[in-house]
Every structure is written in structure tokens, then in C-alpha cells.
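Worksheet for the structure shown next.
Ligands are counted one by one from 1 in listed order, and the atoms in each one are counted from 1 as well. Sequential numbering from 1 along the given sequence is applied to the chain's residues. Note that these values count all heavy atoms, side chains included, but never hydrogens, waters or copies made by symmetry.
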Amino acid sequence: MDPKWNGQFSCFDRVARTDVCSRTVVRVRDIEIGGGDFVVMAGPCAVESEAQILQTAEAVAGSGARILRGGAYKPRSSPYAFQGLGVEGLKLLRKAREETGLAIVTEVMSEEDVEVIAEYADIMQVGTRSMENFSLLEELGECGRPVLLKRGMTATIEELMRSAQVLADAGNADIILCERGIRTFETATRNTLDIAAVPVLKTVSHLPVIVDPSHAAGVRSLVPALARAATVVGSDGLLVEVHPCPEQALSDGNQSLSFREFRRMMLDLQPYLDLQQRTRNARPQLLATRGAD
Ligand code: PEP
Ligand code: MN
């Protein structure tokens, strides 16, 4: 590790990368996150109805997603906005898993909900507003499910690493880090995607890192470009919002892709993923050629 970063992050000894430790691969059913596959998690911001979640699950699975996202407990900026279906939403997610085989990632906001959500979810999502909710992180330590830890919208990389350390200290080392954009002075996008955070995190931590281009962009037309950027900088996957009819979504419709747009995005990503793969495979060969000169 670069000596600058070593000094800054080595104190987070459970999640910091060292010369000797191997990378963490988070296993969810038959899916490996951080093991070389590019894993796409997709679905609506919030579970709204049976038809909505089942149709979305079918569509995203058909386009190559491996994990279905969907909030049943929603942290909303306004108290008047849709707050989610709660346990009813969890049951619909389970039904979608039974019908499509997709694993489920869904958000947990409060330590009181950990037990019930862990019954239904394959991955527990900690949202940007909860990254420093240490009592929630401690409760997740023993939940028996991997945690998708989103970066706080005003958190530094160091603070994200600190929260990961708290989770690992509490007994849960199955952590996936997620860059979802941070607050800056820029207002043209909802957040600013800190794309450099991906290679920094991959350098200073052994944990898998994914990117959420939807909450970073806030507008659907930017999502495919940010997703491509994520592949190029070495992200282990994506978390993307998709809705059968984004204009009618109860939350985050502006940044949600339609089924067709999601399919197109996935097709367009392929050459970038192939390039990443070739770059990885080519590296030893290039060195060997140089060595022979
Ligand atoms: C979400 O994934 O729908 C969400 C609320 O994300 P964030 O916590 O990043 O805002
Ligand atoms: Mn959302």
C-alpha cells in the first residue's frame, strides 16, 4: 500500500489491506462478490406492489442482474413521502426470489428491524443516512447476513472505513462497500460520484467495492455513463434503480431506468467489462515481454 495511505488506514486492522491478506469474497447463495465477477444488483428504489416487484425481478434477471434490490423500509427526506411497505414488502421480495432465483438486498434503518429483515434478505443494506449509526452496525455484527455499507453522503473514505471496522469488530466481516456519491457544491447532479474512491478503497481495503450510479446521478440519462466509469476503475459491481414505469414511481423515479434502458445499459457495459478482463490478463504478459528485451 502507498505509505501515505498505510499511515491513514492501517488502524482499521480488520478491513485494511496488507501485503499478506487476501481479498474478501462475499458469498451470497451461488454469487461471489469481490471474486472477479461483476455483480449487478438492480430493482426499484422501493417495493410498491406485487406486480411491480415481480415484473422488475423478471426483467432485471433477464438482462443479467444477479441480485434484486428494493426498499421495504425507506429513509425519506420528507416525512410526507412514501415510507415503504414494511414486512409486506419483505414478503413480496421473498416471492420474487422464489420466482426468479435472484438474491435480495434491502435496507435496514433501525436495530429493531434487523432480526425480521435478516429473515427475508440475503444482504442487509445500510443506507447513506445510517453509515454512522453505530448501534445499528453493532446489531448487524451478529445478523448472519452480509452487509452492503453505503458511504455517508458527507463521509470521508476514512469514516467509511471506520464504520466497516465497527461492523467487523462486532462480528461481521462480510462487508461490501458502496460509493453512491457525496455532497459537494455541485448542484447539476444529485450527488457527486467520487469515482476515485473506488480505486482508493480497492487499494486500502480488502473488501469488495461497488458503485451506485443512480443515487449519485439523480437523473436517469447519466446512469449508464457512470456505470461504465465504475467498470473501468475496477468496481466489483453496481447497485442500480430500475422501475417498470419510472414516471409513476413512488420514490426516485427521476433516476430510475426503464426495463429497456437497463437492458441497453447492460449490453453497452459488456465491452468495458471485457476490456477490464483483458487488461488484467494482459498485465503479466506485457511484463514478460519487457523482461525478455
Ligand atoms: C436507496 O438505495 O434507495 C437509498 C435510499 O440509497 P442511499 O442510502 O444511498 O440514499
Ligand atoms: Mn432510492
Side-chain angles (χ1 to χ4, degrees), residues 39-48 52-53 56 60 65 67-79 81-86 89-90 93 103-110 113 117 121-133 136-137 140 146-155 157 159-160 163-164 167 175-184 189-195 197-198 201 209-220 222-223 226-227 230 235 237-258 262:
V39 177
V40 177
M41 314 178 185
C45 180
V47 181
E48 297 171 3
Q52 175 240 24
I53 197 68
T56 309
V60 299
I67 300 178
L68 177 66
R69 64 147 290 148
Y73 297 78
K74 292 304 300 173
R76 303 307 307 283
S77 304
S78 159
F82 178 57
Q83 307 290 318
L85 295 180
L90 296 176
L93 287 168
I104 301 296
V105 58
T106 194
E107 178 160 356
V108 55
M109 292 195 295
S110 145
D113 299 329
I117 295 177
D122 297 291
I123 304 176
M124 311 286 278
Q125 177 175 325
V126 173
T128 195
R129 295 162 188 79
S130 306
M131 189 204 81
E132 289 193 309
N133 181 343
L136 173 61
L137 298 180
L140 286 166
V147 173
L148 173 61
L149 180 62
K150 289 188 138 193
R151 180 178 180 181
M153 62 182 92
T154 59
I157 291 175
E159 287 159 346
L160 174 61
S163 288
L167 259 172
I175 304 165
I176 305 154
L177 302 173
C178 179
E179 164 59 39
R180 49 77 72 200
I182 51 174
R183 278 218 172 137
T184 65
T189 49
R190 182 172 177 183
N191 291 285
T192 298
L193 181 63
D194 180 7
I195 199 72
V198 178
L201 285 167
V209 180
I210 68 163
V211 167
D212 172 349
S214 308
H215 290 84
V219 48
R220 82 178 64 94
L222 295 181
V223 170
L226 299 188
S235 175
L238 296 173
L239 181 72
V240 186
E241 288 187 335
V242 179
H243 194 281
C245 185
E247 294 72 26
Q248 285 170 23
L250 296 182
S251 61
D252 286 349
N254 277 348
Q255 65 199 34
S256 300
L257 300 180
S258 67
F262 179 68

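- In terms of protein heavy atoms, atom 2 (O) of ligand 1 is closest to R69 NH1, 2.8 Å.
- Counting heavy atoms from C-beta on, the side chains of T106 and Y73 never come closer than 4.5 Å.
- Atom CG of residue L148 and atom CD1 of residue I176 lie 5.5 Å apart, to the nearest 0.5 angstrom.
- Here the protein heavy atom with the shortest distance to atom 10 (O) of ligand 1 is R180 NH2, 2.9 Å.
- Of all the atoms in ligand 1, the ones that sit under 4.0 Å from a non-hydrogen atom of G127 are 8 (O).
- Ligand 1 is approached by C45 to a heavy-atom distance shorter than 4.0 Å.
- Taking the side chain as every heavy atom from C-beta outward, P213 and V240 approach each other to under 4.5 Å.
- Here CE of M41 is found 4.0 Å from CD1 of I210. Values are rounded to the nearest 0.5 Å.
- Scanning all protein heavy atoms for the shortest distance to atom 8 (O) of ligand 1 gives T128 N, 2.8 Å.
- Between H243 and E48, the side chains place a donor N or O and an acceptor N or O closer than 3.5 Å (distance only, hydrogens not considered).
- Within the protein, the N, O or S atoms lying under 2.8 Å from the Mn ion (ligand 2) are C45 SG, H215 NE2, E241 OE2, D252 OD2.
- Not a single heavy atom of M153 sits under 4.0 Å from any atom of ligand 1.
- Atoms OG and CD, from S214 and Q255 in turn, are 5.5 Å apart once rounded to the nearest 0.5 Å.
- Each of the atoms 1 (C), 2 (O) of ligand 1 lies under 4.0 Å from some heavy atom of Q125.
- Two residues are said to be in side-chain contact when any heavy atoms from C-beta on lie closer than 4.5 Å; M153 and I182 fail this criterion.
- Of all atoms in ligand 1, numbered sequentially from 1 with element shown, those under 4.0 Å from a heavy atom of E107 are 5 (C).
- Looking from atom 7 (P) of ligand 1 to the surrounding protein, the closest heavy atom is K150 NZ, 3.4 Å.
- Using a 4.5 Å heavy-atom cutoff, the side chains of S163 and L149 are in contact.
- Which parts of ligand 1 touch K74 is read off a 4.0 Å heavy-atom cut-off, strictly below it: atoms 1 (C), 3 (O), 5 (C).
- For the pair V126 and V147, the minimum side-chain heavy-atom distance is below 4.5 Å.
- Of the protein's non-hydrogen atoms, the one nearest atom 4 (C) of ligand 1 is H215 NE2, 3.3 Å.
- Panel note: side chain T56, backbone P44; no donor-acceptor pair is recorded below 3.5 Å.
- D252 meets the salt bridge (Lys or Arg N to Asp or Glu O under 4.0 Å) test with R190; sequence neighbours excluded.
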